[in-house]
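Here is the naming used below: chain letters follow the sequence lines, and residue numbers restart at 1 for every chain. Quick caveat: nothing in here was measured; it's all calculated off a predicted structure. Keep in mind that the numbers below use all heavy atoms, side chains included, and drop hydrogens, waters and symmetry copies.
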Amino acid sequence: MSVMPHEFYKRDTVEVAKDLLGCKLVRKTEGKTLSGIIVETEAYTQDDPACHAYRGETPRAATLFKHPGIAYVYFIYGMYNCFNAVAHPEGKAGGILIRALETVYAVKKTNGPGKLCKALNITRELNEIDLTNPASELYLEIGESVPENKIITTTRIGIKNGCDYLWRFYIKDNPYVSRK
DNA sequence: GATAAGATGTTA
DNA sequence: AACATCTTATCA
């Protein structure tokens with residue numbers, strides 16, 4: 001069991017999004033440890049009209065410009081949190097929306113970014129937490145690598161701008177992905 | 001200070 | 001297909 005180093009996140013955002021499939025998300029909360037395998041991701045970069053960082057460094061999007069390997073948690077639609085991993089080459093901005101987990105312990109359904117955060121008790125208090133430190137309440141571990149032919153590439157969900165980008169990735173035939 | 005839209009999920 | 005519900009950004 002070991003975490004991915006900062007260098008893992010300091011690469012092209014789309015590449016990292018693909019590589020995050022099969023990795024393990026660990027969440028320590030209320031004395032318990034919850035974890036699951038990432039089965040669905042979406043990439044968002046600075047040059048992408050759908051990305052929060054597209055229009056520059058606003059107060060909310062500032063996290064996406066910070067050091068790769070930290071968390072970006074934001075609030076949407078009045079009731080849901082969404083969890084992202086910040087990942088981009090030096091001097092750029094970008095993040096990866098974690099959309100679904102395959103649960104390994106008894107965790108509630110996590111097929112969708114809002115439900116995922118609710119199930120793992122992820123809130124904006126965890127914004128900018130270090131995902132490369134096993135002492136964090138939230139971090140990512142190296143998991144099983146997913147063979148290329150099991151990775152499905154498709155369009156992202158729930159956005160109008162940039163909807164033609166093929167930047168959503170999920171594991172083929174996995175029952176835990178959202179919007180089957 | 002006001003307003004419109006949003007990386008969603010549930011219900012009908 | 002409607003709606004619950006509130007932050008953020010973009011105006012004035």
Side-chain angles (χ1 to χ4, degrees), chain A residues 9 11-23 25 27 29 34 36-89 92-103 106-129 131 138-140 151-171 174-180:
Chain A
Y9 303 93
R11 296 182 291 140
D12 181 76
T13 307
V14 177
E15 290 300 312
V16 179
K18 237 188 291 188
D19 290 347
L20 277 178
L21 291 176
C23 291
L25 178 70
R27 168 71 172 129
T29 179
L34 310 171
I37 304 298
I38 296 171
V39 297
E40 184 178 354
T41 62
E42 283 181 9
Y44 289 87
T45 76
Q46 193 176 4
D47 308 316
D48 162 18
C51 182
H52 292 165
Y54 180 63
R55 287 172 215 290
E57 191 170 341
T58 60
R60 176 176 65 166
T63 304
L64 291 170
F65 289 81
K66 297 197 176 179
H67 197 64
I70 63 174
Y72 170 47
V73 183
Y74 69 93
F75 197 63
I76 191 72
Y77 295 134
M79 45 178 85
Y80 295 110
N81 288 300
C82 291
F83 165 60
N84 298 242
V86 176
H88 52 82
K92 304 276 282 186
I96 296 149
L97 175 67
I98 309 300
R99 293 188 51 91
L101 299 179
E102 176 180 335
T103 50
V107 188
K108 295 165 228 158
K109 279 270 185 172
T110 55
N111 55 337
K115 279 196 280 188
L116 186 155
C117 289
K118 200 175 156 196
L120 295 187
N121 198 23
I122 294 174
T123 68
R124 277 165 294 171
E125 290 171 23
L126 297 176
N127 194 36
E128 302 189 4
I129 197 171
L131 297 172
L138 185 67
Y139 61 92
L140 292 166
I151 299 178
I152 306 294
T153 304
T154 181
T155 53
R156 292 172 297 179
I157 287 176
I159 55 176
K160 293 197 187 79
N161 289 331
C163 58
D164 48 343
Y165 288 68
L166 295 174
W167 283 357
R168 174 172 174 240
F169 307 99
Y170 65 91
I171 297 179
N174 190 291
Y176 294 90
V177 300
S178 64
R179 310 279 181 102
K180 290 192 267 290

For a quick test of your reading: what N or O donor-acceptor pairs under 3.5 Å do the side chains of residues 70-82 of chain A make, sequence neighbours left out?
from: A:Y72; atom 1: OH; to: A:H52; atom 2: ND1; distance (Å): 2.8

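When the salt bridge (Lys or Arg N to Asp or Glu O under 4.0 Å) test is applied to A:R124, no partner is found at least two apart in sequence or on another chain. Considering only residues two or more places apart in sequence or on other chains, A:F65 meets the ring-ring contact (aromatic ring centres under 6.0 Å, His included) condition with none of them. When the salt bridge (Lys or Arg N to Asp or Glu O under 4.0 Å) test is applied to A:K115, no partner is found at least two apart in sequence or on another chain. With sequence neighbours excluded, the residues satisfying side-chain contact (heavy atoms from CB on, under 4.5 Å) with A:K18 are A:E15, A:E148, A:I151, A:F169. Judged as a salt bridge (Lys or Arg N to Asp or Glu O under 4.0 Å), and not counting sequence neighbours, the contacts of A:D47 are A:K92. With sequence neighbours excluded, the residues forming a side-chain contact (heavy atoms from CB on, under 4.5 Å) with A:T155 are A:L166, listed by chain and number.
With a 4.5 Å cut-off on side-chain heavy atoms, A:L25 and A:L101 count as touching. For the pair A:I171/A:I152, no side-chain contact is recorded, criterion being any heavy-atom separation below 4.5 Å from C-beta on. With contacts defined as side-chain heavy-atom distances shorter than 4.5 Å, the pair A:I37/A:N174 does not qualify.
Note on residues 49-65 of chain A: no pairs pass salt bridge (Lys or Arg N to Asp or Glu O under 4.0 Å), not counting sequence neighbours.
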Under a cut-off of 3.5 Å for both distances of each Watson-Crick or G-U pair, what dot-bracket string does DNA chain B give, using [ ] for crossing pairs and | for inter-strand pairs? ||||||.||||.
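The outermost nucleotides of DNA chain B lying under 4.0 Å from heavy atoms of chain A, listed 5' to 3', are B:dG6 to B:dT10.
Each of A:V39, A:I38, A:N111, A:T110 was compared with A:E102 under the side-chain contact (heavy atoms from CB on, under 4.5 Å) criterion, and only A:V39 meets it.
Residues from residues 153-165 of chain A that place a heavy atom under 4.0 Å from any atom of DNA chain C: there are none.
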What does nucleotides 1-12 of chain C look like as a protein-contact string, B for base, S for sugar-phosphate only, - for none, at under 4.0 angstrom between heavy atoms? ---BBBSSSS--
